[in-house]
Protein chains: 2
Amino acid sequence: MKKPVRMRDVAEAVGVSPMTVSRAFKPGGAVDDETRAKVLSAANRLGYVFDSTASTLRSQRTGFVAVTIPSLNNANFADTFRTLNDSLETAGLQILLGSTDYRVKTEEKLVDQLLRRRPEAIVLTGSHHSERTREMITRADIPVIEIWDQPEHPLGHVIGFSNADAIRPVVRHLAETGRKKLGFVGASDTADFRGRARRLGVLDEAARLGLPTPALISAGPAPVSMVHGARAVADNIADIRKLDALICVSDQVAFGAMSECARQGMHVPGDLAVTGFGAFEIASVSSPTITTVDVQSSEIGSLTGTFLVDLLQGRTDPSPLRCRIRTSLRLGNSS
Amino acid sequence: MKKPVRMRDVAEAVGVSPMTVSRAFKPGGAVDDETRAKVLSAANRLGYVFDSTASTLRSQRTGFVAVTIPSLNNANFADTFRTLNDSLETAGLQILLGSTDYRVKTEEKLVDQLLRRRPEAIVLTGSHHSERTREMITRADIPVIEIWDQPEHPLGHVIGFSNADAIRPVVRHLAETGRKKLGFVGASDTADFRGRARRLGVLDEAARLGLPTPALISAGPAPVSMVHGARAVADNIADIRKLDALICVSDQVAFGAMSECARQGMHVPGDLAVTGFGAFEIASVSSPTITTVDVQSSEIGSLTGTFLVDLLQGRTDPSPLRCRIRTSLRLGNSS
DNA sequence: ACAGGTCGTGTTATCGATACCATAAACAGT
DNA sequence: ACTGTTTATGGTATCGATAACACGACCTGT
């Protein structure tokens, strides 16, 4: 239980001032090469570990970026988060992650907690926030990026796509291939705003094309995944036999639905077309492969990361960015 | 660009000392209820945001827990991380997450970075670390937990299972059902230590049971997932036709393998049994369902979380814990 | 030779909260 | 009445690094 080594101790050991040690630890610090080498070797010998907390307080730069995502077990956001993390960590930034559990109230508490850490920027998944959340973030006066959506009233920067528009090509594709009686499988509640937007997109596009109103089939409360897709089909099999296409809110749900269809003796795509959303691995590996919408989740993460790094280093115009991620229909054998 | 509100400003507004404001913000702070209410309302009115950085420096408590995992897109660790995060955040602890990319050198750099933030504890996935990593962590003098493994020489606490032992029942099950010519599909390199341990477990158990040495089929470098399982089967189809069981390093690989088998006209389990590992959603939703090993990934996370919270609050004996997570064979229709 | 520049280093004050101790008031027990 | 205890609050020093400024040594060009 000896007391921890501080910068001062290293300085004394080398015979320089703490300031010189400080500079030796900064990548761009103006120190003589020889001095730096001596400092670093002494630091290593003494077991000195740089204290970011003190540095942060004095310099007012935390190196933190706060990130909120709806759910950690939703594979949808894993890719985005991973690529975002990769971009940021090379710039020496550390993510503070929190999950909102699809609730604006939870998001509010989370944002309050995160802001106490003085992040240099904040990334929010989605665009629906409580009034207080908006206020806290505005007052924090740091860059904000909303991702995975196209908000009407953005808080700051936007890197995402319209979930409603992204799914329209699916409806058109189904209509073009002669499918008329559509169904939509998604979460029952309205907590998953992106899922809800997709549902609205489906309904609207079907109306525009003069198709009958799609049947809405609930897969239970968000987040929904494979088992929920399977259960939704099992629970509504009679209705589903009357349809000729099932539009699912995600590839996971689509896969679950397809697998239950197989169990029920329905042939995909012969008896029923099934589509997903998100272009996840499962879509290209399942049989049949799933018709889906590629939203480039990795792209969202890496774009956000590089943009943020440029912004924080002052290399980028800080005026609000609205970046629309290009989404595309990817045909599989399920439709 | 007005200057930020500090505790002192709130104190002045209410007419108390900063110390009282400080206490009003602590859950257990001894302040008059009325005073606290006045302080909090003033804080809210002025837009004061508590500054954890300063608090941390003075009190020497950061509220951080450092966590390293091999890969963020490996679904294996998502459940563990999610439940761990849930337990910790209710206790007001914030995770600092880093991914090691399955490399000890990357882990070393990561640990160095994370320790600078002065975490109150560190959680490492796996048990293979560089000498320098071990040294840094030992010197940091904070609780360490190694998860997802059973290290021979633990750094501190252990919450995990033996990957080699966990997969033995799979081999026994296959032997009992008359399968003799086994194959193992996993990552080619030795970077994924847990995958390697499973392979060794398969080889050893096969030898004990007097079975011929299982064929080793590479699915490429770690991390491996569905597409790699499918490709491994496609690339080695001639060899695989001679086998009667395929033991895969994970459910994802097993699913990919099964789907390629279907494409190749091989029937599972008729022509070939296929098994996975991890008991992920895909195992119970795919058809056929996959025989797998349930390792309770969620359990690992929540156990680690509650243990850590108890430890940091001094409610638990700090002597090294070695917790063996019970694993179990879960039969599916794929074998 | 000298003004003006760069480079490496030291001195001092400070970032914003809180540990530690002191104090005053209220109240109980003998 | 006096001591001891509890509760609510304030004053001061401090956590460990660094921004800002100062300074001397060494260039470099005219």
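Because the structure is predicted, anything quoted here is derived from the model rather than measured. Chain A is the first sequence line, chain B the second, and so forth, proteins listed ahead of strands; every chain is numbered from 1.
For the pair B:T56 and C:dA17, the criterion of a side-chain N or O lying under 4.0 Å from OP1 or OP2 is not met. Taking 4.0 angstrom as the limit, B:T35 places a side-chain polar atom (N or O) nearer than this to OP1 or OP2 of D:dT9. For the pair A:T20 and C:dG10, the criterion of a side-chain N or O lying under 4.0 Å from OP1 or OP2 is met. Listed pair B:S55 / C:dT18 meets the phosphate criterion, a side-chain N or O lying under 4.0 Å from OP1 or OP2. B:K26 has no side-chain polar atom (N or O) that falls below the 4.0 Å cut-off from OP1 or OP2 of C:dA17. The side chain of A:Y48 contributes no N or O atom lying less than 4.0 Å from OP1 or OP2 of D:dG16.
The number of heavy-atom neighbours closer than 6.0 Å to CZ of B:R61, taken from other residues, nucleotides and ligands shown, is 12 or below. The local environment of CG in A:D33 is sparse, with at most 12 non-hydrogen atoms from other residues, nucleotides or ligands closer than 6.0 Å.
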Please encode protein proximity along nucleotides 22-27 of chain C as a string of B, S and -, counting only heavy-atom distances under 4.0 Å. ------
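Looking at heavy-atom distances under 4.0 Å, A:F25 makes no contact with the nucleic acid at all. Using a 4.0 Å heavy-atom distance criterion, A:V21 is classed as making no nucleic acid contact.
By the 4.0 Å N-to-carboxylate-O rule, A:K105 lies close enough to A:E108 to be salt-bridged with it. A salt bridge links B:R82 with B:D79: the distance from a Lys NZ or Arg NE/NH1/NH2 to an Asp or Glu carboxylate oxygen falls below 4.0 Å.
A donor-acceptor distance shorter than 3.5 angstrom exists from the side chain of B:T125 to the backbone of B:T68, with no hydrogens or angles considered.
Between B:I137 and B:V111, some side-chain heavy-atom pair lies under the 4.5 Å cut-off.
Of the two residues near DNA chain D, B:R118 and B:R36, the one whose nearest nucleotide lies more 5' is B:R36.
As a whole-Å value, the separation of A:E34 CD from C:dC7 P is 18 Å. To the nearest angstrom, P of D:dG16 lies 17 Å from CZ of B:R116. Atom pair B:M7:CE and D:dG10:C1' shows a separation of 15 Å (rounding to whole Å applied). Rounded to whole Å, the distance from CG on A:D51 to P on C:dG16 is 17 Å. Whole-Å rounding puts the A:D32 CG to C:dT9 C1' distance at 10 Å.
Taking the six-membered ring for Trp and thresholds of 30 and 60 degrees, B:H128 and B:F193 have nearly parallel ring planes, at less than 30 degrees apart.
Side-chain contact annotation: A:Q60 with A:R118, donor-acceptor N/O pair under 3.5 Å absent.
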Every protein N/O lying under 3.5 Å from an N/O of nucleotides 11-15 of chain D:
unit_1, atom_1, unit_2, atom_2, d
D:dT14, O2, B:R58, NH1, 3.0
D:dC15, O3', B:Q60, NE2, 3.1
D:dC15, O2, B:R58, N, 3.3

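Rounding to the nearest 0.5 angstrom, the gap separating the NZ atom in B:K38 from the OG atom in B:S41 is 9.5 Å.
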